[in-house]
Amino acid sequence: MTAFPQPPRPPRLAAGILAALPRLFGFRVRLYLTWAALLALCVAFFLTFDLKFAVIVNKWPNLVGLNLGPNGFLQGAALTLFLSLCSIVVSVLLGFLAALARLSSSAVAFGIATFYASFFRGTPLLIQILLIYLGLPQIGLVPGAITAGILALSLNYGAYLSEIFRAGILGVARGQREAALALGMRRSVIFWRIVLPQAMRTILPPTTNQFISMLKDSSLVSVMGVWEIMFLAQSYGRSSYRYIELLTTAAVIYWLLSIGLELIQARLERHYGKGFQERR
């Protein structure tokens with residue numbers, strides 16, 4: 001029989017190094033290296049724009065919100081965070097109430113909750129902002145631009161959060177409630193101590209995703225002249241004819257704020273998912 005040539009075997013030293021690489025570079029190290037490589041590619045891409053960094057350095061304090069605006073209030077990223085945090089609190093309350101109404105046996109509460117969710121999920125956020133800012137004065141209510149922005153963001157995202165909360169609550173096994181009832185626990189205690197903590201594990205990821213979207217959608221309030229990140233970036237770009245520098249800086253600020261929310265999400269997920277964690 002014809003003997004086929006055997007492929008050359010790698011030297012033992014090289015084979016040992018290859019076998020040790022997964023141990024030397026664990027999951028986290030490989031993760032950080034991947035992020036570093038992709039970040040380097042992004043930086044290299046933006047450097048091809050021939051950016052004028054003097055413009056960025058000059059406008060950076062205002063974009064970040066280190067200085068107050070002409071009206072003595074917050075501006076830039078500080079105002080964006082203020083808008084988002086206020087809207088997050090109100091939208092969570094609205095979403096929670098709407099979710100409970102969807103789960104109730106009251107036809108009136110169910111109808112109000114479904115109508116609210118349908119309208120605010122079915123119409124564009126920009127139209128809602130303008131309807132509140134320009135429409136309420138027609139009936140004698142004159143909200144400020146910041147108040148109108150917070151109200152519009154809260155109503156819009158509260159409608160989305162109501163469905164997330166409802167799905168999370170329904171996702172808890174019915175046997176959990178039955179077992180708690182058998183122990184003599186009150187229904188309110190069952191909801192707060194048994195159902196809600198378990199529902200949080202499934203509620204948190206989509207809820208944080210909505211908060212990140214809200215952070216970026218807060219740029220829409222710039223149509224009312226609110227001095228948040230996008231308004232300042234456009235205004236400074238228009239006055240200096242250096243749009244790319246200011247828009248790139250705004251993108252970086254939004255990204256950093258989003259990363260902050262992602263880190264908070266990861267910490268909360270570890271807290272509520274202790275019984276389901278997988279070790280990498």
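- Atom-to-atom distance recorded for Ile56:CD1 and Ile244:CD1 is 10.5 Å, nearest 0.5 angstrom.
- Here Leu103 contributes atom CG and Ser162 contributes atom OG; the two are 10.0 Å apart, rounded to the nearest 0.5 Å.
- Within the structure, the ring-ring contact (aromatic ring centres under 6.0 Å, His included) test picks out no pair touching residues 138-181 (sequence neighbours left out).
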Criterion side-chain contact (heavy atoms from CB on, under 4.5 Å) on Glu262 and Thr208, from CA distance to verdict: CA-CA 7 Å; Glu262 291 171 8; Thr208 310; 5.8 Å; no
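- Hydrophobic clustering of Ile, Leu, Val, Met, Phe, Trp and Tyr side chains at less than 4.5 Å, counting indirect connections, keeps Leu94 apart from Val108.
- Sorted by first then second residue, the side chain to side chain donor-acceptor pair (under 3.5 Å) pairs that include residues 68-96, not counting sequence neighbours, are Asn62-Gln75.
- Applying the side-chain hydrogen bond (donor to acceptor under 3.5 Å, both in side chains) criterion to Ser235, with sequence neighbours excluded, gives no partner residue.
- When all heavy atoms of Asp50 and Glu245 are compared, the closest pair comes out as O-OE2, 4.0 Å.
- Across all their heavy atoms, Ile203 and Thr207 have their closest contact at O-OG1, 2.7 Å.
- Residues Ile169 and Arg177 come closest through the heavy atom pair O-NH2, 3.0 Å.
- A distance of 14.0 Å separates CD1 in Ile194 from CZ in Arg187, rounded to the nearest 0.5 Å.
- Heavy-atom minimum distance, Leu51 versus Arg242: C-NH2, 4.3 Å.
- Arg174 meets the salt bridge (Lys or Arg N to Asp or Glu O under 4.0 Å) test with Glu178; sequence neighbours excluded.
- In this structure, Ile164 is a member of the same hydrophobic cluster as Val92, with clusters built from ILVMFWY side-chain heavy atoms closer than 4.5 Å.
- In terms of hydrophobic clustering, with Ile, Leu, Val, Met, Phe, Trp and Tyr side chains grouped at heavy-atom distances under 4.5 Å, Leu100 and Ile112 are assigned to different clusters.
- In this structure, Phe211 and Leu85 have side chains that are not in contact, with every pair of non-hydrogen atoms separated by 4.5 Å or more.
- Hydrophobic side-chain contacts under 4.5 Å tie Leu38 into a cluster, directly or through other members, with Leu41.
- Both Leu126 and Val226 are part of a single hydrophobic cluster, where members link through side-chain heavy atoms under 4.5 Å apart.
- A 4.5 Å side-chain heavy-atom check between Val55 and Lys52 finds at least one atom pair inside the cut-off.
- Two residues are said to be in side-chain contact when any heavy atoms from C-beta on lie closer than 4.5 Å; Lys216 and Leu257 fail this criterion.
- Under the ring-ring contact (aromatic ring centres under 6.0 Å, His included) criterion, the residue pairs touching residues 214-244 are Trp227-Phe231, with sequence neighbours excluded.
- With rounding to the nearest 0.5 angstrom, the CG atom of Leu83 is 11.5 Å from the CG atom of Leu220.
- From Ser222, atom OG reaches atom CG of Leu79 across 11.0 Å, with rounding to the nearest 0.5 Å.
- Put simply, the side chain of Ser118 never gets that close to the backbone of Thr114: no donor and acceptor are under 3.5 Å apart.
- Within the structure, every pair that satisfies the ring-ring contact (aromatic ring centres under 6.0 Å, His included) test and touches residues 98-135, not counting sequence neighbours, is listed here: Tyr116-Phe120.
- Counting heavy-atom neighbours within 6.0 Å of Arg121 CZ, excluding the residue itself, gives a total above 12.
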Donor-acceptor contacts under 3.5 Å from residues 139-153 side chains, at least two apart:
none

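- Rounded to the nearest 0.5 Å, atoms CG (Leu246) and CE (Met230) are 10.0 Å apart.
- Under the 4.5 Å side-chain criterion, counting only non-hydrogen atoms from C-beta, Leu268 is not in contact with Met200.
- For residues 48-76, the set of pairs meeting the ring-ring contact (aromatic ring centres under 6.0 Å, His included) definition, not counting sequence neighbours, comprises Phe45-Phe49, Phe46-Phe49, Phe73-Phe82.
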Criterion side-chain contact (heavy atoms from CB on, under 4.5 Å) on Thr123 and Leu131, from CA distance to verdict: CA-CA 11 Å; Thr123 54; Leu131 284 176; over 6 Å; no
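- Summarising the geometry of Ala113 relative to Ala98, their closest heavy-atom pair is CB-O, 3.6 Å, with the distance given to 0.1 Å.
- For Gln265, the side-chain hydrogen bond (donor to acceptor under 3.5 Å, both in side chains) partners are Glu269, not counting sequence neighbours.
- Using a 4.5 Å cut-off between side-chain heavy atoms of Ile, Leu, Val, Met, Phe, Trp and Tyr, with links allowed through other members, Leu161 and Val172 fall into the same hydrophobic cluster.
- For Gln176, the side-chain hydrogen bond (donor to acceptor under 3.5 Å, both in side chains) partners at least two apart in sequence or on another chain are Gln198.
- No side-chain heavy atom of Trp192 sits less than 4.5 Å from a side-chain heavy atom of Pro197.
- Each of Leu256, Ile253, Thr249 was evaluated against Val64; a single residue qualifies, Ile253, per the side chain to side chain contact (heavy atoms under 4.5 Å, CB included) test.
- Residues passing the side-chain contact (heavy atoms from CB on, under 4.5 Å) test with Ser258, sequence neighbours excluded: Ile212, Leu215.
- Gly76 approaches Ile229 most closely through the heavy-atom pair C-CG1, 3.6 Å.
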side-chain contact (heavy atoms from CB on, under 4.5 Å) evaluation trace for Gln128 with Leu125: CA-CA 5 Å; Gln128 296 168 17; Leu125 176 57; 3.9 Å; yes
